[in-house]
Amino acid sequence: MKILTVFSRYRLLVNILALAAALSAFAYSAPTVVADPGWTCETGCVNWDARFGCLQQQTCCVNENGGWFCTGA
């Protein structure tokens, strides 16, 4: 019961901490993925909405020779 009392008493603080945790998770980009030998790919958001978050993602890849391509947008 003590935990419920703390949450209700400090509801604003708990909500701010939860929001900070969620926003910090969005701040980190997706990890770089190696698709095929010689290619390095990364996925990111290309259509962001403040209410719903990321609506569309795009993956772009580059190879050692400078060639590149993007998919998913």
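Computed from a predicted model, the values in this text were never measured in an experiment. Just so you know, residue 1 is the first one in the sequence shown, and it goes up from there.
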### Query
With a 2.5 Å cut-off on the SG atoms, do C60 and C41 make it?
no
So CZ of F69 and CH2 of W39: to nearest 0.5 Å the spacing works out to 5.5 Å
Between the CZ atom in R11 and the CD1 atom in I16, the distance rounded to the nearest 0.5 Å is 13.0 Å
In short, Q58 meets C70 closest at the heavy-atom pair NE2-CB, 3.4 Å
Checking the side chain of N65 only, and the main-chain atoms of G67 only, is there a donor and an acceptor separated by less than 3.5 Å? no
- Any side-chain donor-acceptor pair under 3.5 Å between T43 and T59? yes
Any sub-3.5 Å donor-acceptor pair from D49's side-chain atoms to G53's backbone N or O? no
